[in-house]
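Input: a single structure, listed below in structure tokens.
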Amino acid sequence: MKILHTADWHIGQFKGPVEDGINLRSLDTVKCLEFMVETAREVHPDLVCVSGDIFHQEQIGPVRYSDEMVTATKIIENLSKCAKFVIVMRGTPNHDGAGQFRVLAKMLEKNKNVVVVTAPQVISTPIADVACIPGFDKQEFRSKFPGLSAEEENLTWTKYISDMVMGLRAQCSNTNIIPDMVPKILMAHYTVPGCNMESGQTSFFSNFEPVIPREALQAAGYSAVLLGHIHRPQMLEGLENVFYSGAINAMNFNDEGQSRGFWVHEFDGDKLKSGQRYDTPYRKFQTITWTKEDVENYLEQGREFLFAEGYPFTVADKIVRIKYSCTSDQKKALNIPVLQSDLYEIGAFYVADIEAESMIDVTNRGLLSEESDPLLNLKKWLSEKCVKNPDKVVELAEPIIAAVGKSETTSENHGVLRPVSISVKNYRNYKEENFDFTDISFCSINGVNGAGKSSLFMDAIADCLFEETREGDNKAWIRGTEDARSGTIEFVFDIGEKRFRVVRTRTKSGRATLNISQKDGEEWLNLSAERIKDTQSEIEKILGMDSMTFRSCALIMQDQYGLFLQAKKEERMTILGNLLGLSVYGLMEQETKKLLADTRRSLLSKKEAVKVKTEFIEEKGDPDDELEKLEKENSELAQIRQMTDQDIEVCRKQIADYKAGQEKSDELLRVIDAVNKELLLIRSDKVSAEEERETCDAFLKNSEMILDKAREYEMAEETVRAFASDVMEYESCKRALEEKNSQIQRYENIISTTKIQNKAINEQLSVISSEDEELILRKLSELEEKRKELVDIHEKKDRCAAVYAEVNKRHTEITEKVHILSTQMKLAEADLEAYKKQQEFINNSGCPDIENATCRFLEKAREDVAKIEQTEEKISSINGRIQAANEEYALYASEKKKEIADIGYSEEQEKEFWMKLPIWRLTRNGKRKWTVEKRLEPV
């Protein structure tokens with residue numbers, strides 16, 4: 001028994017080239033899936049297990065949604081044709097959305113070989129018992145176990161999953177009627193501690209996501225555990241028969257150097273016998289690392305450098321990125337679009353990224369003005385202070401400024417911050433309220449003290465963005481009623497042309513969620529991070545200010561009008577630094593202090609190394625002699641290098657000549673291919689025209705013979721119609737004659753039998769007495785009555801036979817008539833088909849003026865086309881006549897059937913008469929005594 005194990009298809013679009021509106025990387029995934037289907041056709045697995053993440057993205061547009069759903073359905077249907085059963089399990093909700101799997105289940109519901117699983121359960125089949133644990137939905141779990149802290153959640157999750165693994169294993173034994181004969185399989189979409197992750201690290205802890213504990217798998221004792229979720233294919237070390245199938249296709253540079261494919265496991269009874277790994281034709285990733293020297297060589301040689309280093313073989317048909325180190329001048333000189341074009345020219349499938357890993361370069365952030373560049377400000381300050389050797393200071397500062405500029409998280413959003421709407425639920429004294437700021441530029445909020453003015457228009461906005469409540473307790477803003485178990489704040493605002501939405505929730509138990517989204521057309525794009533802390537940092541990055549700065553200048557809270565003036569000097573400096581974009585200088589100070597400490601440690605280390613080396617040199621002797629020898633060797637090496645450079649220059653010229661020749665050759669080959677294709681088309685058209693001409697000639701040559709045969713056929717039809725009535729009368733008379741001959745033969749048999757009986761009776765009558773005569777006469781009288789009854793039956797039979805003869809004659813006439821009409825209709829249909837072919841010939845002739853064409857082929861075709869309508873009417877008329885004839889015969893037959901019923905004869909009645917008719921026999925008792933005995937057995 002074989003099981004095909006696959007997972008993590010991730011059907012969808014990835015960043016990459018697009019051709020004719022089609023994402024080519026999505027076609028890579030389809031290619032890998034089709035390879036898996038072909039393999040399934042060859043190995044014929046009994047069961048296919050798809051362990052989650054069918055789709056790549058949950059929220060997509062309707063066009064992509066339809067295309068991806070059709071692709072998934074097609075692959076699963078094809079797998080179901082190769083295997084007896086297919087189990088498709090849902091993965092993580094951010095990939096396999098609930099809506100997507102409802103549609104998938106609906107599309108596959110008529111396929112009895114496919115089961116779509118969205119909840120933990122056991123699927124029992126004659127092949128195996130399969131326990132399924134779909135991907136983890138945190139929201140669903142939290143609804144079952146509300147109010148838990150992060151640590152409590154992880155512990156509860158792990159125990160919940162462990163119990164599920166053990167409980168489903170127990171159900172496997174109770175579900176199947178032959179529990180010990182089939183394997184017990186666990187399908188799950190989770191991490192198992194100890195697995196090798198995508199980026200190479202090993203997962204040992206369960207602090208960040210729900211996992212299946214190793215102890216639970218060991219205790220459950222499944223025959224095999226077929227997992228999804230981790231994209232690196234592997235067998236877990238230390239666990240028996242636990243497999244990750246891995247993704248079907250490579251998706252990003254974390255997958256670089258890893259294989260992609262699926263497993264086919266073979267079982268002997270309930271024991272795993274062997275497993276074979278199949279690699280799909282996945283798209284490979286390639287990272288290229290350049291040093292400053294490599295960058296310099298490319299700037300000097302261009303594409304020739306790529307050929308010389310063998311990059312055409314390195315990047316061929318791969319997704320490529322280049323990471324390079326360079327100087328500021330090299331950064332300015334390096335033309336990234338040209339480098340991308342060169343990579344495409346030498347065969348790269350897609351150039352994903354070209355980025356500098358390390359460089360001495362300063363990027364102008366454009367924070368507030370043209371003079372906000374720290375390097376320019378440093379030069380200006382050095383000039384104003386008349387610092388000696390300012391160039392040296394700038395040279396030392398450039399790496400620090402570049403490093404800080406690269407790591408700085410300054411807001412990239414510019415423009416006026418405008419509130420759009422504020423909505424609250426169970427917030428302070430509001431059960432549910434919202435306010436729309438659209439079209440409001442200035443307004444006054446009036447109301448009595450405690451009405452909630454500040455709560456809605458100040459506190460709600462600040463708590464939504466930062467959740468730093470006046471009370472100091474983050475749960476204090478939830479409405480203090482028994483029915484309010486949790487609260488929600490939603491704040492929508494614009495920064496310049498961009499619109500953002502922040503949604504914050506919290507329960508009275510302390511559990512909270514935070515989401516930040518950006519409006520993109522009609523959809524909201526999620527910008528949130530995994531942790532609330534990181535999402536809060538993203539909000540502050542988008543705003544460009546923290547809570548203190550926001551409440552000091554953007555939203556002046558009630559009773560906090562002098563917050564900025566009353567703040568300490570350090571706090572005021574922080575606020576101004578955030579507003580003016582001066583935080584970069586604080587980061588530069590920290591970076592400088594760190595660099596100074598590293599430099600001091602390095603200096604001490606180098607001093608110690610110099611001391612050690614000085615002592616070593618003093619022990620070894622005079623270094624001047626060694627230096628002289630090295631200089632001499634260096635001179636010789638320089639000469640060799642000069643000669644090598646000359647050889648390289650010659651090789652470059654030869655490469656350039658070769659490339660020019662290759663380009664000319666490629667151009668000639670393209671021209672030859674185009675000419676050959678055109679020649680093949682011309683030859684094909686010529687052959688088609690000659691065949692059509694030969695066909696037409698053949699028709700024209702045989703036209704006279706065809707017409708003669710048609711005339712002969714029509715004459716034959718007339719002859720058949722002339723003799724049809726005579727033939728039918730002949731057939732009717734023949735059948736009547738056969739019937740009369742049959743009756744004559746029957747009567748002759750009866751006469752012969754009667755003569756024999758009469759002879760015997762005469763012999764007996766010679767010795768009969770008067771008493772015996774009375775008995776015989778009485779029996780003869782009874783016999784006469786039976787004879788009369790028999791004569792009446794025969795008369796009825798003859799009348800029925802006459803009616804039957806009339807019906808048969810009429811049936812023969814109608815049948816012949818229908819046959820003639822059918823023959824006429826077949827001929828008309830054949831003519832109609834020929835006329836339509838002529839019409840098709842006219843449509844495909846390409847003649848611009850069909851009506852005035854003088855070509856004999858087109859003239860004949862035009863005449864035939866004109867007959868199409870008449871022929872169709874003829875066929876319709878013949879059909880009507882056939883139907884009328886059949887209806888006429890049906891009416892006639894019904895009347896005759898009634899006439900036969902009125903006669904009252906039936907074969908059953910005649911048989912019954914003969915069955916009841918006895919045979920009398922005279923028996924002599926004594927000398928003159930006769931008795932009549934009745935034979936009871938019927939004739």
[Y] versus [X], side-chain donor and acceptor atoms under 3.5 Å:
X: Gln100; Y: Asp96; value: no
X: Asp53; Y: His189; value: yes
X: Ser245; Y: Thr6; value: no
X: Ser528; Y: Asn515; value: yes

When you look at [atom1] of [X], are more than 12 heavy atoms from neighbouring residues, nucleotides or ligands closer to it than 6.0 Å?
X: Glu840; atom1: CD; value: no
X: Lys519; atom1: NZ; value: yes
X: Arg277; atom1: CZ; value: yes
X: Arg102; atom1: CZ; value: no
X: Glu355; atom1: CD; value: yes
X: Gln662; atom1: CD; value: yes
X: Arg683; atom1: CZ; value: no

Quick one: does [X]'s side chain get under 4.5 Å of [Y]'s, heavy atoms only?
X: Phe262; Y: Thr280; answer: yes
X: Asn252; Y: Phe14; answer: no
X: Ile230; Y: Leu227; answer: no
X: Phe243; Y: His5; answer: yes
X: Asp353; Y: Phe253; answer: no
X: Ser162; Y: Ile212; answer: no
X: Asn111; Y: Val86; answer: no
X: Phe267; Y: Ile127; answer: no

How close do [X] and [Y] get, counting heavy atoms only, and between which atoms?
X: Arg214; Y: Leu236; value: NH1-CD2, 4.3 Å
X: Ile3; Y: Cys49; value: CG2-SG, 3.9 Å
X: Ser259; Y: Tyr282; value: CA-OH, 3.5 Å

Donor-acceptor under 3.5 Å ([X] side chain, [Y] main chain):
X: Arg25; Y: Met251; result: yes
X: Ser684; Y: Leu680; result: no
X: Thr535; Y: Ala529; result: yes

Hey, can you tell me if [X] and [Y] have their rings parallel, tilted or perpendicular (30° and 60° cut-offs)?
X: His265; Y: Trp263; value: parallel
X: Trp290; Y: Phe305; value: perpendicular
X: His10; Y: His56; value: perpendicular

Practice task
Please determine if Arg232 forms a cation-pi arrangement with Tyr244, meaning its NZ or CZ atom is less than 6.0 Å from the six-membered ring centre and no more than 45° off the ring axis.
Solution key: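 Pair Arg232/Tyr244 does not count as cation-pi.
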All N/O donor-acceptor pairs, side-chain side in residues 27-34, below 3.5 Å, sequence neighbours left out:
unit_1	atom_1	unit_2	atom_2	d
Asp28	OD1	Arg283	NH2	2.8
Asp28	OD2	Arg283	NE	2.9
Asp28	OD2	Arg283	NH2	3.4

Problem - Residues that Glu256 engages under salt bridge (Lys or Arg N to Asp or Glu O under 4.0 Å), provided they are two or more places apart - result: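 By the salt bridge (Lys or Arg N to Asp or Glu O under 4.0 Å) rule, Glu256 matches no residue at all.
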Problem - Qualifying salt bridge (charged side-chain N to carboxylate O under 4.0 Å, His left out) pairs, either residue in residues 104-126, two or more places apart - result: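 Listed by first then second residue: Lys106-Glu109.
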Any carboxylate oxygen within less than 4.0 angstrom of a Lys/Arg side-chain nitrogen, looking at [X] and [Y]?
X: Lys2; Y: Asp46; value: no
X: Lys159; Y: Asp163; value: yes
X: Arg260; Y: Asp279; value: no

Practice task
Kindly indicate, with the supporting measurements, whether the criterion side-chain contact (heavy atoms from CB on, under 4.5 Å) is fulfilled by Ile288 and Val315.
Solution key: CA-CA 9 Å; Ile288 299 174; Val315 305; 3.6 Å; yes
